[in-house]
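Here is the naming used below: chain letters follow the sequence lines, and residue numbers restart at 1 for every chain.
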Amino acid sequence: MNPTYEPQEIESRWYERWEKAGLFRPEYRPDGEPFAVVIPPPNVTGSLHMGHALNHTIHDVIVRRKRMQGYSVLWVPGTDHAGIATQNVVERDLANEGLSRHDLGREAFIEQVWEYKRKFGNRITEQIRRLGNSPDWSRERFTMDEGLSRAVREVFVTLYEQGLLYRGNRIINWCPRCATALADIEVEYEDVDGTLTRIRYPFADGSGSLVVSTTRPETMLGDTGVAVHPDDDRYTSAIGKTIRLPLLGRLIPVFADDSVDPEFGTGVVKVTPAHDPNDFDMGQRHGLETIVMMDEAGSVTGDGGNFAGMDRFEAREAVRRALEAEGALVGVEPHRHSVGHCYRCGTVVEPYLSLQWFVANSQFSKPAIDAVADGRNRFVPKRWEKSYFNWMENLRDWCISRQIWWGHRIPAWYCPDGHVNVGRVDPTECAECGSQVLAQDPDVLDTWFSSALWPFSTLGWPDQTDDLARFFPNSVLVTGFDIIYFWVARMMQMGLHFMGDVPFRETIIHGLVRDSAGFKMSKSKGNTIDPLDVAEEYGADPLRLALIQAANPGQDVPLDMEWVRGARKFGNKLWNATKFVLGTVESGSVPADGGYPQDPGPAESWILGRLGQVVSRFDDLCDEYRFSDAFGVLYNFAWSEVFDWYIEISKTTSDLPATGQTLGVVMRDLVKLFHPAMPYLTEELWEQLVGKGLVAGSDWPQVPVYPVPDVMSDLQEMISGVRRFRAEQGISPRKRLELGVFDANHVISDWSVDLIERLGFVDVELLESEPDTGHSRVVAGRLSGFIGLDGVIDLDAERERLDKAIAVAAGDLARVEAKLANPQFTEKAPPAVVAKENGKKAELSDLMAALQSQRDAL
RNA sequence: GGGCGUUUAGCUCAGCUGGGAGAGCGCUUCCCUUACAAGGAAGAGGUCGGGGGUUCGAAACCCUCAACGCCCACCA
């Protein structure tokens, strides 16, 4: 073995062997209970970031452990076509050559994107491999592959037939830069400092005017009405009058509507039905005309008079100036308000009236709520259920059409008469009028439409495949809280609707990876850490361990390179411990399973007993997805019990029969337990210890129950006590001390004496009674130690030490006595608690007395 | 405006059903003892955000205040 742990070298050696062994396929354990999970498909042209690394590490830890526990595990990998995001990337490339997608035309452009996908589509999957993840690559899917496209079409057509999917003219969110509609949740709101413009709207009959307020004065070009609240006394007389719209001179009515807030501004609202959802509703209620004054690029249309052709923000200023010139501008004041931005490009979105396809969302909400409420699906942590419910309860219809080219084309065809043909196969003539002139809808579907089907489309649906029968519903879904609405909620809706069941039984929500200062990692902030760079510098295993050590459900993960370095140190420790064990047991001689000794000595029994407890605790915590806690328990056990104590103990007990065997077995089980987090390193150590097969394919430890002898903690306390004495008195570790041990309860053996002598670096004499004078007492459970002080120490320092110990004991004793003196406590507290306090009191009294006599004898 | 969460050691966080304040990192002192100095041994450090209440007993349960963070909402 290398003298030290070299992660990078090791990590190039194992992936192929795992794959060749077929480990990642559920067929590896054909008879196991199925356990299925699907990867949240990353953008196909994307690159791995730390959020992926966290998500995948959690997946892999779950999946590798389940595999070792005997489940038939399927982890489906794949990528998402990421409609707008990918199209934007390719368009940016084209722009560098001075081209737009329109220069290429639709077909050539799409071919270009496919080319891009072929070129970069492997990058992210390669990165996923590099970090040691173990999905079943033979079942890798892409949201636009043939099968998934068929699933998308099937869902679209079925929903259409069921009347749950329709086409309609609505106000949607429009991104003028991407030139497409967006769903409500694709808009990110941000408070910005804007202005509120007050405009005077004169009555046509010259009898006065009303003053309206708006944050978007340019929209007045599309005004077709003015509204006040019906109960607003100030304006009762205005209702029914006609306004002559400034700048354009259009005549528009004043009407009353409940939705107007009399408290806001002047209590008078200009109504622009084509460019505001509220106004649209009012327009519907009052039969107003809709005038689209802005086009797809955000420029003023021909209906905007002199302003036609201007960009919306340019028009905003121009309209204001024109109003001022006309004397209609009352004032402009600062106004902080929330403005929506495109989640893909950050451009300010416009509410925009257009003809789009929608999913009648409300129909899907109740089943999706019920499924979580009655526990068919469980959120971990549970508090996210509230957000989920809240969102589900307030759903508006989902706008699914996008005016881009990259994605699943909407399977709807229109004849010249406007008849709509939707079908599973492309129509050749209009079903209504027989026209053979048909044009397919140019739009594509929202990326999330196909993502919503992922848990069953990847298993072969709509075909009734074996995988579908075996692995649906999935066991768990692991994702971040940021896509609960985008993804989790919609998978739930579609799973329930099309499969009649929840798509997965548990929804595991993890946090965000943050930088060491607690800030969200983002490209714009420049604080991102590339997981591949980390793997390059420190290794993938250390990165994985660092991430999983911080990953409790719902909790953000702060990542500092210190944590990664710490994880690598731990890897090094495991490495060296194994090297030591190999000095005792022959390489390759440790059995893959079992091998626990029949008749262990006390130290063996202790470490094996503790190992059993730790495995059981670790399993419980993993089953609750509390990985941070689980690995904390394991890490501490390995380091402070196995390495710091057991290995040291084993050096002194070479004559005990089970030592070598136990060392090998304990080390092997540690290797198994750490394998889900550090797959490469543990595989390397397994090769050294066991030499046959792979840890990845081994069985999870099942440790028989061993008693944990109390004497072990007595001995440890005795040894620590001697060491503490040494440190406090400034006595060199090389000076051998005399230690008298009084063992009133006869708990120790020759072996114990040997242990104390070696680890404490003392000569032990067993005492028949406690000596009176000339010693320093070491309290160690049922044992008492007496260090000979002759010529060893500074008496003053020893007095000080004793005084400190006495003060501490006295304080503790006083507290216990006060508690016991309180009749309320002795009467009302449970007897067990009272008994415990009494025991404590006796113990402390003895200790006090002993220390005091020690002090007096000095 | 509504909802959720956080506040425990210098830092990151455990502490689940109320019964002697914990871990890792960092820090201090000593030690290159033949697995490991990417290490070992020993140690310092906290009025558990403030206030009130329930209880024999509260970091934990209830109320309240404060600070910070996040999500949702048609703030013209």
S.K.: Extract all donor-acceptor atom pairs below 3.5 Å that involve side chains of residues 185-192 of chain A and protein atoms in other chains or at least two apart in sequence.
M.R.:
unit_1   : atom_1 : unit_2   : atom_2 : d
A:Glu186 : OE1    : A:Ala183 : N      : 2.7
A:Glu186 : OE1    : A:Arg402 : NE     : 3.4
A:Glu186 : OE1    : A:Arg402 : NH2    : 2.6
A:Glu186 : OE2    : A:Tyr343 : OH     : 2.9

S.K.: For every nucleotide of nucleotides 70-75 of chain B, 5' to 3': is a protein heavy atom under 4.0 Å from its base (B), only from its sugar-phosphate (S), or from neither (-)?
M.R.: -SS-BB
S.K.: With sequence neighbours excluded, tell me which residues meet side-chain contact (heavy atoms from CB on, under 4.5 Å) with A:Phe519.
M.R.: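 Listed in chain order: A:Asp515, A:Ala517, A:Lys525, A:Asn527.
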S.K.: Would you measure the distance from the P atom in B:A44 across to the matching atom in B:U6 and give it in whole Å?
M.R.: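 B:A44 and B:U6 have their P atoms separated by 32 Å.
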S.K.: Tell me which nucleotide, if any, is Watson-Crick or G-U wobble paired with B:G69 when both distances must be under 3.5 Å.
M.R.: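 B:G69 is paired with B:C4.
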S.K.: Check residues 541-555 of chain A and write down every donor-acceptor pair under 3.5 Å in which the side-chain atom is one partner and the other belongs to a residue at least two apart or another chain.
M.R.:
unit_1   : atom_1 : unit_2   : atom_2 : d
A:Asp541 : OD1    : A:Tyr680 : N      : 3.4
A:Asp541 : OD2    : A:Tyr680 : N      : 3.2
A:Asp541 : OD2    : A:Leu681 : N      : 2.6
A:Arg544 : NE     : A:Ala677 : O      : 3.0
A:Arg544 : NH1    : A:Asp60  : OD2    : 3.1
A:Arg544 : NH1    : A:Leu131 : O      : 2.8
A:Arg544 : NH1    : A:Gly132 : O      : 3.4
A:Arg544 : NH2    : A:Asp60  : OD2    : 2.7
A:Arg544 : NH2    : A:Pro676 : O      : 2.8
A:Asn552 : OD1    : A:Ser628 : N      : 3.2
A:Asn552 : ND2    : A:Asp629 : OD1    : 3.3
A:Asn552 : ND2    : A:Asp629 : OD2    : 3.3

S.K.: A:Arg336: what forms a side-chain hydrogen bond (donor to acceptor under 3.5 Å, both in side chains) with it, not counting sequence neighbours?
M.R.: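 A:Arg336 satisfies side-chain hydrogen bond (donor to acceptor under 3.5 Å, both in side chains) with A:Asp193 once adjacent residues are dropped.
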S.K.: Going by side-chain contact (heavy atoms from CB on, under 4.5 Å), name the residues that satisfy it together with A:Pro230, two or more places apart in sequence or in a different chain.
M.R.: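 Listed in chain order: A:Ala256, A:Asp258.
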S.K.: Strictly under 3.5 Å: I want the nitrogen or oxygen pairs between protein and nucleotides 52-55 of chain B, one per line.
M.R.:
none

S.K.: Between A:Arg320, A:Arg316, A:Glu333, A:His335, which is the residue that forms a side-chain hydrogen bond (donor to acceptor under 3.5 Å, both in side chains) with A:Thr195?
M.R.: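 Exactly one pass, corresponding to A:Arg320.
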S.K.: Between B:U64 and B:C70, how far apart are the C1' atoms? Round to whole Å, please.
M.R.: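 It comes out at 23 Å once rounded to the nearest Å.
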S.K.: Within the 4.0 Å heavy-atom criterion, would you say A:Pro830 contacts the bases, only the backbone, or no part of the nucleic acid?
M.R.: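 Touches a base.
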S.K.: Please write out the pairs of protein N or O atoms and N or O atoms of nucleotides 30-32 of chain B separated by less than 3.5 Å, giving the distance to one decimal.
M.R.:
unit_1 : atom_1 : unit_2   : atom_2 : d
B:C31  : O3'    : A:Arg734 : NH1    : 3.4
B:C32  : OP1    : A:Arg734 : NH1    : 3.3

S.K.: Please list all pairs passing the side-chain hydrogen bond (donor to acceptor under 3.5 Å, both in side chains) test where one or both residues lie in residues 830-841 of chain A, with sequence neighbours left out.
M.R.: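 Non-adjacent pairs meeting side-chain hydrogen bond (donor to acceptor under 3.5 Å, both in side chains): A:Glu837-A:Lys840.
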S.K.: Tell me what A:Asp279 touches on the nucleic acid: a base, only sugar-phosphate, or nothing, going by heavy atoms under 4.0 Å.
M.R.: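 Nothing, no nucleic acid heavy atom in range.
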S.K.: How would you list, by chain and number, every residue that makes a salt bridge (Lys or Arg N to Asp or Glu O under 4.0 Å) with A:Asp619, sequence neighbours excluded?
M.R.: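 Applying salt bridge (Lys or Arg N to Asp or Glu O under 4.0 Å) to A:Asp619 gives A:Arg65.
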S.K.: Could you pull out all residues at least two apart from A:Gln8 that satisfy side-chain contact (heavy atoms from CB on, under 4.5 Å)?
M.R.: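 side-chain contact (heavy atoms from CB on, under 4.5 Å) check on A:Gln8 returns nothing, list empty.
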S.K.: Rounded to whole angstrom, note down the C1' distance from B:C65 over to B:U28.
M.R.: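 It works out to 40 Å between them.
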S.K.: Can you list, by residue number, the residues of residues 632-640 of chain A that have a non-hydrogen atom closer than 4.0 angstrom to RNA chain B?
M.R.: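 Here the set is A:Asn636, A:Trp639.
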